[in-house]
S.K.: 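Please find one structure pasted underneath; my questions will follow.
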Amino acid sequence: MNPRTPAFPSKTPNMGTTIFTVMSALATEKGAVNLGQGFPDFACDPQLLDLVNDAMREGLNQYPPMTGIAPLREAMSAKMQALYGRRYDPVSEITVTAGATQAILTTILAIVHPGDEVIVLEPCYDSYVPNIELAGGVVVRVPLTPGSFRPDFDKIQAAITTKTRAILINSPHNPSGMVWTRDEMLRLQEILDPTNVLLISDEVYEHMVYAPGEHWSAARFEGLAARAFIVSSFGKTYHVTGWKIGTVAAPAPLSAEFRKVHQFNVFTVNTPMQYGLARYMADPRPYLELPAFYQRKRDLFRAGLAQTQFKLLPGEGTYFQCVDISGLSVPEKNLGEAEFCKWLTSEIGVAAIPLSAFYGNGFDQQVVRFCFAKRDETLQLALQRLARL
Ligand SMILES: Cc1ncc(COP(=O)(O)O)c(C=O)c1O
């Protein structure tokens, strides 16, 4: 016998370790304040933990229905109707997923045939491109306008061809914090109207939009909703990113295709958390109060950064704040965003994420992203350290 591991051609030869993992590891090694990866460093509501715990103790620990438990689909449907004015049938149009990441991958696997084009607006969340490639699709990258990160509709229009299967949008936007306006959503609706292009609308930060802004879900637009998979994440909304649980809302024919892939990909999502979340959602206050909760943190963080030579970019939504580093007086600002972030983590003790990580070609515009979903003490400590710059 000659035991050996057979070699095979990698399906993902260009995929490396994500910058989030790299920066988090460096932050731990150097004892830096980790404002890199996007997750809260504070606890969720203990009532939510009690409700999940209750569900486990009640014996709700076996496989739930493939599409998710009815009370959670019903709670999502009621919430979307109340907030966005559109009724999604909980039976045929809402599916519970293992987080938004799985929801997006499953959507792409369900709709993209080899050779289909899928438009992404860069900078974009890092899973989109590998997902499209795994499905055999062709990634068509359209840049958001540098500086403002607003959609450039001439470029979007020009990117649409007879091969375009879908466009992926994300509002509120990670990494920039930009929030699409009603007019921008209307413009997208107008452009897509004569086409067969499907829409994947990543709305995981839907409850983090700051006054006077508003979240213009694709669900609020008839023409968009008719072609959209709308992706939500409980992890973002309820401070439990590690739970990996979300939903996809889509018209019945789209949901049917989604579910065909979902049933042989994840099949079901953990039961007690679904019951806990469904019961917790009976009270709308936690998500209705989220904008004020994060707006206060954003304002605290922005006020501190305003005392430094970082130039603040707008922060309309999400729990991210981007800054321009070109005005700093340290020479390390010219190292390139990624090296600057490593230096900032090692020498100043605050981890950030380079925006270049969200572009396929590593486009460098001297902008880095901080996450402010942190306790006030954490933000104060980071600001103290950044004040040295
Ligand atoms: C834009 C965007 N989409 C999707 C996700 C993934 O969400 P989940 O943790 O529910 O998979 C994230 C998480 O950072 C995100 O920022």
Side-chain angles (χ1 to χ4, degrees), residues 18-24 34-41 44 48 68 72 76 94-109 118-132 144 149 151 166-180 199-209 215 217-218 228-249 258 262 265-266 269-270 273-274 277 287 290 294 315-322 351-355 357-359 368-374:
T18 76
I19 187 75
F20 307 99
T21 309
V22 172
M23 293 308 301
S24 284
N34 191 357
L35 303 191
Q37 210 171 357
F39 59 86
D41 73 344
C44 70
L48 178 56
L72 187 55
M76 264 319 270
I94 293 182
T95 310
V96 178
T97 64
T101 312
Q102 182 246 316
I104 295 165
L105 173 62
T106 301
T107 303
I108 289 172
L109 290 175
V118 181
I119 298 173
V120 298
L121 308 181
E122 282 193 325
C124 66
Y125 184 59
D126 64 342
S127 75
Y128 299 168
V129 166
N131 285 182
I132 297 163
L144 293 165
F149 300 98
I167 177 168
L168 245 154
I169 65 169
N170 170 219
S171 177
H173 181 242
N174 175 12
S176 74
M178 183 271 289
V179 176
W180 285 49
L199 174 64
I200 306 170
S201 188
D202 179 346
E203 304 187 8
V204 299
Y205 299 104
E206 64 193 306
H207 299 298
M208 295 171 211
V209 177
H215 177 55
S217 171
F229 295 87
I230 298 178
V231 177
S232 300
S233 170
F234 296 109
K236 307 287 177 193
T237 303
Y238 295 130
H239 315 310
V240 286
T241 57
W243 286 11
K244 300 299 289 184
I245 178 163
T247 56
V248 170
F258 178 91
H262 180 76
N265 172 359
V266 170
V269 175
N270 69 82
M273 281 170 188
Q274 292 194 55
L277 284 164
Y287 59 81
L290 203 62
Y294 272 125
E316 301 170 345
T318 75
Y319 47 44
F320 300 115
Q321 175 64 53
C322 286
I353 298 289
L355 242 66
F358 298 83
Y359 289 88
V368 303
R369 187 198 80 176
F370 292 115
C371 171
F372 58 79
K374 306 294 168 189

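One-based numbering, in listed order, for ligands and for the atoms of each. Just so it is clear, the values below take in all heavy atoms, side chains as well, and ignore hydrogens, waters and symmetry mates.
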S.K.: Using a heavy-atom cut-off of under 4.0 Å, does the side chain or the backbone of Asn170 touch ligand 1, or both, or neither?
M.R.: side chain
S.K.: Check ligand 1 against Lys244 and write out every atom of the ligand that is under 4.0 Å from a heavy-atom position of the residue.
M.R.: 8 (P), 9 (O), 11 (O)
S.K.: Checking side chain to side chain contact (heavy atoms under 4.5 Å, CB included) between Phe39 and each of His239, Lys374, Lys236, which is the one that passes?
M.R.: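 Per the side chain to side chain contact (heavy atoms under 4.5 Å, CB included) rule, the option paired with Phe39 is Lys374, out of His239, Lys374, Lys236.
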S.K.: At what distance is the nearest protein heavy atom to atom 6 (C) of ligand 1, and which residue and atom is it?
M.R.: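 The closest one turns out to be Thr101 OG1, 3.2 Å.
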S.K.: Do His173 and Thr318 pass the side chain to side chain contact (heavy atoms under 4.5 Å, CB included) test, and can you show the C-alpha distance, the side-chain angles, and the key distance before you say yes or no?
M.R.: CA-CA 7 Å; His173 181 242; Thr318 75; 5.6 Å; no
S.K.: Any chance you could lay out the side chain to side chain contact (heavy atoms under 4.5 Å, CB included) test for Asn170 and Tyr128, step after step, and finish with the verdict?
M.R.: CA-CA 11 Å; Asn170 170 219; Tyr128 299 168; 3.5 Å; yes
S.K.: Checking Ser217 now: which residues fulfil side-chain hydrogen bond (donor to acceptor under 3.5 Å, both in side chains) with it, not counting sequence neighbours?
M.R.: Glu203
S.K.: Check whether any N or O atom of Ala100, backbone or side chain, sits under 3.5 Å from an N or O atom of ligand 1, and answer yes or no.
M.R.: yes
S.K.: Geometry only, no angles: is Tyr128 polar-contacting ligand 1 at N/O separations under 3.5 Å?
M.R.: no
S.K.: Which is it for Leu121 and Leu168 under the side chain to side chain contact (heavy atoms under 4.5 Å, CB included) test, yes or no, and what are the steps along the way?
M.R.: CA-CA 7 Å; Leu121 308 181; Leu168 245 154; over 6 Å; no
S.K.: Examine Thr241 against ligand 1 and note whether any of their N/O atoms are separated by less than 3.5 Å.
M.R.: no
S.K.: Hey, is Tyr205 touching ligand 1 through its side chain, its backbone, both or neither, going by heavy atoms under 4.0 Å?
M.R.: side chain
S.K.: Taking only heavy atoms of Gly99, which atoms of ligand 1 are found under 4.0 Å from at least one of them?
M.R.: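 Reading through ligand 1 atom by atom, the close ones are 10 (O), 11 (O).
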S.K.: Can you label the angle between the Phe234 ring and the Tyr238 ring as parallel, tilted or perpendicular, going by 30° and 60°?
M.R.: parallel
S.K.: With a cut-off of 4.0 Å, which atoms of ligand 1 are near a heavy atom of Asp202?
M.R.: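 Listed by number with element: 1 (C), 2 (C), 3 (N), 4 (C).
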S.K.: Are any of the N or O atoms of Gln102 closer than 3.5 Å to those of ligand 1?
M.R.: no
S.K.: Return a yes/no value for Lys236: is any of its N or O atoms, backbone included, closer than 3.5 angstrom to an N or O of ligand 1?
M.R.: yes
S.K.: Please verify the inter-ring angle class for Tyr319 with Tyr205; under 30° counts as parallel, over 60° as perpendicular, anything in between as tilted.
M.R.: perpendicular
S.K.: Under 6.0 Å between ring centres, would you say that holds for Phe20 and Phe358?
M.R.: yes
S.K.: I'd like to check which ligand 1 atoms, numbered from 1 as shown, lie under 4.0 Å from a non-hydrogen atom of Ser233.
M.R.: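 By the 4.0 Å cutoff, the relevant atoms are 8 (P), 10 (O).
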S.K.: Out of all atoms in ligand 1, which are within 4.0 Å of some heavy atom of Asn174? Include the element for each.
M.R.: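 Under 4.0 Å from Asn174, ligand 1 has these atoms: 1 (C), 15 (C), 16 (O).
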S.K.: Between His262 and Gln102, do the side chains contain an N or O donor and an N or O acceptor separated by less than 3.5 Å?
M.R.: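 Distance-only check passes for His262 and Gln102.
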